[in-house]
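Following: one structure in C-alpha cells, then a few remarks.
Along the sequence shown, residues carry numbers from 1. Every number for a ligand or one of its atoms is a count from 1 in the order of the listing.
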Amino acid sequence: MNLFDEIDQRKKDGLFRVRKTLDSAQGPLVTIDDNEFLNFSSNDYLGLANNEILKSAMIDAINEYGLGAGSSQLVVGHSKPHQKLEQKLASFLKRDAALVFPSGYQANLAVASALVDKNTVVVQDKLNHASLIDAARLSEGKFVRYRHKDLKHLELLLEKHKKHNLIIMTDGVFSMDGDYAPLVEIADLCKTYNATLIVDDAHGLGVLGESGAGLPEESGLNQDQLPLLIGTFGKSFGVSGAFVSGSALHIEAFIQKARAYIYTTAILPSIASTIDRAIDLVIDGDHLRQHIKTLVKSYKKKSNELGLKINESESHIQPFVIGGCNETVALSNELYKDKILATAIRPPTVPNGTSRLRLSITAAHNEEQVERLVCSIKKHLGEN
Ligand SMILES: *Cc1c(COP(=O)(O)O)cnc(C)c1O
C-alpha cells in the first residue's frame, strides 16, 4: 500500500493520531486552549518537570555553560557537568560506571549495536518498549521473543539458542501495563545460560526502590546479576536524556564503539547539571514514592466501590483496558469533555484488541483528583 493510502486507512481504523498542544508546563493540571485539564497521561511521575529547584539549577548552568554542547562527546562535547553526572549516576545506581545519552531510544540502539554480532541471539519479552524492539531489529543478530513474563518460554528459547551469544533485554516496569518483570528469576536464567542481561527501567526509576533506583534496587540485583541497566531522565527525573550503567569495561566499550553514542551531539551541559540535581531530589523523594502508593490504593479502592474492573498492576501505571480502538478513543474524548486528559493508547503501541487508557498516577496528584478521574470513567463507561 502507498504510504498516504496507508495513513488514510488508519483514519478509518481509528488509529490516526492527533497531537494536543499544551500551553503550560507539565504537571497534574495543564492548559490547552485556555482550558485547564487534569492530566493523567504524563510520565512526570514525581512531579519534577516544573520543579523550582531544578529550574533554577538549569538557569544557573546555562549562565555558566551556555546552550549547546558544541559537538559530540568524543570531539569537544564532553564537559564537566557530563563528567560529574556520570560519576553521580554510578554511585546512585551502585554500578562501576555510567554513560549519558540524549534519549532512551538512542541508549537502547547504542547498547545493542555494540554488543550484538552475527552470532548473537537477542531474546526479549513480547511487551517490551518499542526502543528495545527496534534496537534488536536494527542489530546484526537474530531476534526472538518470549510471551510476556513467561519464564518457561524464555528458558525454552535460551535452551534452543544456547550455542550462540545470548542477550536478554527486558523492560523493568512495563511501560503500558505497569507490571514488573520477574528480574530475579531472569537473572538466574542468565547465569545458567551464560546470557547477558540488559534491563531498561525507564518507568521504575524514581518510583521504586528505597533510594529511587528502580525495580533492580527493589529486587536487590547487583551489577554481577544485572550487568547493564538502562534508564531515562524524561520520566521521573522530569528532564530529558538517558543513561546506561554497568562495568567499566562495558562503558568503555560503548564509548569506543556505539555509533548511536559517538555520532550524536552531546546533551546540553545545563541538562546534565539539572539531571545531577534531580538525582538528589529522587534520592530524597521517599515521601513522593509513599504518596504515589497511597494514591494508587485509593484509585483501586474507588474503582472497586464503583464496580469498575481492576487490573493487576500495583504500580503508578494503571492500564484501563477497553479493547477496541474506537471505543477507547470515544471514552478518552468523553473524559476530555470533563477536562480530564487520559490519552487512548492503541496498536501498535499495545497488542491488537487491548486498546486502553494508560493512566499514570503521580506524586503531584491528590486524592480528590484521583476520585474525579474514577467517577468520570464510571459515568461515561455506561454510555459507551
Ligand atoms: C520512554 C522509554 C524509552 C525512551 O526514552 P526517551 O528518552 O524518551 O527516548 C526507552 N525505554 C523505555 C522502556 C521507555 O519507556
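If you check which protein heavy atom lies closest to atom 7 (O) of ligand 1, you get G104 N, 2.7 Å. Here the heavy atom of the protein found nearest to atom 15 (O) of ligand 1 is H203 NE2, 2.5 Å. Nearest to atom 2 (C) of ligand 1 among the protein's heavy atoms is K235 NZ, 2.3 Å. Counting only heavy atoms of the protein, atom 4 (C) of ligand 1 lies nearest to Y105 N, 3.7 Å.
For D171, no nitrogen or oxygen atom sits less than 3.5 Å from a nitrogen or oxygen atom of ligand 1, counting backbone and side chain alike. At least one N or O atom of D200 sits closer than 3.5 Å to an N or O atom of ligand 1.
Between H148 and F174, the ring center distance clears the sub-6.0 Å criterion.
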### Query
Between D200 and N108, does a side-chain hydrogen bond (donor to acceptor under 3.5 Å, both in side chains) hold up when you go through it step by step?
CA-CA 8 Å; D200 178 345; N108 277 298; 2.9 Å; yes
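Remark: D13 does not engage R346 in a salt bridge, criterion side-chain N to carboxylate O under 4.0 Å.
D117 and T120 form a side-chain donor-acceptor contact under 3.5 Å, judged by distance and modelled atom types alone. S247 and D96 share no side-chain donor-acceptor pair at under 3.5 Å.
Of all atoms in ligand 1, numbered sequentially from 1 with element shown, those under 4.0 Å from a heavy atom of A202 are 12 (C), 13 (C), 14 (C), 15 (O).
The nearest protein heavy atom to atom 11 (N) of ligand 1 is closer than 4.0 Å.
S131 counts as a contact of ligand 1, since one of its heavy atoms falls under 4.0 Å from the ligand.
Here Q106 has no heavy atoms under 4.0 Å from ligand 1, in either its backbone or its side chain.
Other residues, nucleotides and ligands contribute at most 12 non-hydrogen atoms within 6.0 Å of the NZ atom of K142. Atom NZ of K55 is surrounded by more than 12 heavy atoms from other residues, nucleotides or ligands within 6.0 Å.
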